[in-house]
Protein chains: 2
Amino acid sequence: MGQQDEDMPSMRSSDGSATRSVRSDAKRNTDALLEAAMEVFATRGVDAPVREIAQKAGVGIGTVYRHFPQRADLIAAVFRREVDACADAAAALSASYGPADALAAWLLRYTDFIAAKRGLAPALHSGDPAYVSLHSYFKEKLLPVLRGLLDAAIEAGEVRDDIESMELLSAVANLCISAGKADGAVARRMVSLVVDGLRYGATDKS
Amino acid sequence: MGQQDEDMPSMRSSDGSATRSVRSDAKRNTDALLEAAMEVFATRGVDAPVREIAQKAGVGIGTVYRHFPQRADLIAAVFRREVDACADAAAALSASYGPADALAAWLLRYTDFIAAKRGLAPALHSGDPAYVSLHSYFKEKLLPVLRGLLDAAIEAGEVRDDIESMELLSAVANLCISAGKADGAVARRMVSLVVDGLRYGATDKS
DNA sequence: TATTATACGGAACAATGTTCCGTTTTGTCA
DNA sequence: TGACAAAACGGAACATTGTTCCGTATAATA
């Protein structure tokens, strides 16, 4: 679903048949849609009606569904970059802090990301089949990152070793659901509580 | 919203005007609805369509809305007893365990309740205005209970003192969202993590 | 039994996701 | 450049679901 072969006119696909380039209006519209969706999601949350996004982008509903077969695909496209950025943040944190602190810092970074998107967290774990693709993307990108941080902290004996990274990733996302008020301060506080819980286990047995 | 004056024919309201008793068919239908809703919620979650519940109860949609003006009122009615039972459980736990352990045990009891109801937790904190009454009921019943347990544990110096009980109540409910699989074992594990986080704070400063 | 407040049922309305298809636009090639 | 076909467009139309409305049926009372 990611980056298709943009622009270059007249390409040839691997089997030799002629392939037309992406039409200019198509590119223009997808861009407008992503822009509009980003704004709308930021203000009204990810549950905003598709029609509203289409209107803001100056585009028909049919066009939305041509580019994003399901609501969730649009959401995924909008957040893909931010997910990537969140994943990338781990490296810098690992370099600057000790294992457990890096883990804690990254979880808060992740928290801020999720908390800022009204409705994202509920959607992620709604179990709704429409959101599986979005969930997959999060998992695929962020799980390895968290696993790396967690393993390092465990290895260093700074946190307990009986928690699955997938469970932790889900749990933190879930904790962010109540965000929105107080700029996510509540979410941060709760996530910190969980992190301390991880540490508690370590002090208990190391 | 609670227990209306059931059965007794021909009562008189406080201002002296004659009042007819609750009609037998009305009572029969509300009972059938509650029964049907309980089953449907258990199998398909609280997001099940109202029509399905109405049909299962052998009743028209209009009748559902006559007795429960909003979806959430029906949900609230179905879960009221269980909420009450959960609240009542605190006393016994306080008598049997030390403050922190009682707190931990009650939170797990609460976890089991929420986790067993597919979709309840998301609904509780969706912010959806339709669910405010349900949320109010939970808050009204369970918040004082949790506050009592938490304060006792804080007083005993067994847990940290910088967490609001309301936040904790919400957080635990949110953590249960991912339940359903593995009979809520994941939810219990995550809640335990939070409880340990509470303890960590105490060991940190006491 | 007659009367009337109460309750019933379901058609109808509104909001929203999604599909379908006739029309328009764009890129290519003679 | 001009014609043609593939691709994209727009929005009407359909499906689902919460909620309202109101004409009809029923139970309680006199």
Side-chain angles (χ1 to χ4, degrees), chain A residues 4-13 17-33 37 40 44-75 119 123 126 128-131 134, chain B residues 4-13 17-33 37 40 44-75 119 123 126 128-134:
Chain A
Q4 63 268 70
D5 308 337
E6 293 170 5
D7 7 38
M8 298 305 247
S10 223
M11 309 199 71
R12 283 187 176 274
S13 62
S17 62
T19 299
R20 282 159 95 118
S21 63
V22 175
R23 271 173 50 166
S24 59
D25 55 348
K27 170 126 176 58
R28 189 175 352 112
N29 282 333
T30 34
D31 288 349
L33 272 171
V40 173
R44 304 172 60 91
V46 297
D47 288 333
V50 175
R51 282 169 178 74
E52 187 175 327
I53 297 167
Q55 185 170 35
K56 185 152 209 155
V59 146
I61 314 164
T63 301
V64 179
Y65 280 89
R66 160 162 283 266
H67 295 300
F68 307 98
Q70 301 214 66
R71 267 185 70 74
D73 296 324
L74 179 53
I75 298 177
S126 63
D128 186 328
Y131 288 107
L134 181 55
Chain B
Q4 64 269 70
D5 308 337
E6 292 169 6
D7 345 59
M8 296 306 246
S10 224
M11 307 200 70
R12 286 191 173 271
S13 60
S17 63
T19 297
R20 281 155 99 115
S21 62
V22 174
R23 271 172 52 165
S24 59
D25 54 349
K27 170 124 176 59
R28 188 174 353 110
N29 282 333
T30 37
D31 288 350
L33 272 172
V40 173
R44 303 172 60 92
V46 295
D47 288 332
V50 175
R51 281 169 177 76
E52 187 175 325
I53 298 167
Q55 185 170 34
K56 186 152 208 154
V59 146
I61 314 163
T63 302
V64 179
Y65 280 88
R66 161 162 283 267
H67 295 300
F68 306 98
Q70 302 213 61
R71 267 184 70 73
D73 295 324
L74 179 54
I75 298 177
S126 62
D128 187 329
Y131 288 106
V132 290
S133 87
L134 181 55

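Proteins come first, then strands; the chains are lettered A, B, ... in the order of their sequence lines, and each starts at number 1. Here the structure is a predicted model, which means the values were calculated and not measured.
Within the 3.5 Å criterion, the main-chain N or O of A26(A) finds no donor-acceptor partner in the side chain of N29(A).
Taking atom CZ on R44(A) and atom P on dA15(C), their separation rounds to 12 Å, with Å as the unit. The CG atom of L74(A) sits 11 Å away from the P atom of dT18(C) (whole-angstrom rounding). Following rounding to the nearest Å, Q55(B) (CD) and dT16(D) (P) show an atom-to-atom distance of 14 Å. One can place CD1 of I53(B) at 14 Å from C1' of dT19(D), the figure rounded to the nearest angstrom. Note: CZ (R28(B)) to P (dA7(C)) measures 13 Å, nearest angstrom. Y65(A) has its OH atom 18 Å from the P atom of dC21(C), to the nearest Å. Separating the CD atom of E52(B) from the P atom of dG18(D) is a distance of 10 Å, rounded to the nearest angstrom. In this structure, the CG atom of D31(B) is 12 Å from the P atom of dC8(C), given to the nearest Å.
Considering all non-hydrogen atoms of both residues, Y131(A) and A72(A) come closest at CD2-CB, 3.7 Å.
Applying the salt bridge (Lys or Arg N to Asp or Glu O under 4.0 Å) test to pairs two or more places apart or on separate chains, none has a residue in residues 60-72 of chain A.
Across the interface with DNA chain D, nearest-nucleotide mapping of P69(B) and S24(B) shows P69(B) to be the residue nearer the 5′ end.
Q70(B) has a side-chain polar atom (N or O) that falls below the 4.0 Å cut-off from OP1 or OP2 of dT19(D). Residue S21(A) has no polar side-chain atom (N or O) positioned under 4.0 Å from OP1 or OP2 of dG27(C).
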Heteroatom pairs (N/O) under 3.5 angstrom, protein to nucleotides 9-12 of chain D:
unit_1  : atom_1 : unit_2 : atom_2 : d
dC9(D)  : OP1    : D25(A) : O      : 3.4
dC9(D)  : OP1    : N29(A) : ND2    : 2.2
dC9(D)  : OP2    : H67(A) : NE2    : 2.8
dG10(D) : OP2    : G60(A) : N      : 3.0
dG10(D) : OP2    : T63(A) : OG1    : 2.6
dG11(D) : N7     : G62(A) : N      : 3.1
dG11(D) : O6     : G62(A) : N      : 3.3

Atom pairs and distances, donor-acceptor, side-chain atoms in residues 47-58 of chain B, under 3.5 Å, two or more places apart:
unit_1 : atom_1 : unit_2 : atom_2 : d
E52(B) : OE1    : R44(B) : NE     : 3.1
E52(B) : OE2    : R44(B) : NE     : 3.0

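In this structure, the separation between OG1 on T63(A) and CZ on F68(A) is 11.0 Å, given to the nearest 0.5 Å. From H67(B), atom NE2 reaches atom CG of D73(B) across 13.0 Å, with rounding to the nearest 0.5 Å.
Remark: D31(A) pairs with K27(A) by the side-chain contact (heavy atoms from CB on, under 4.5 Å) rule, at least two apart or across chains.
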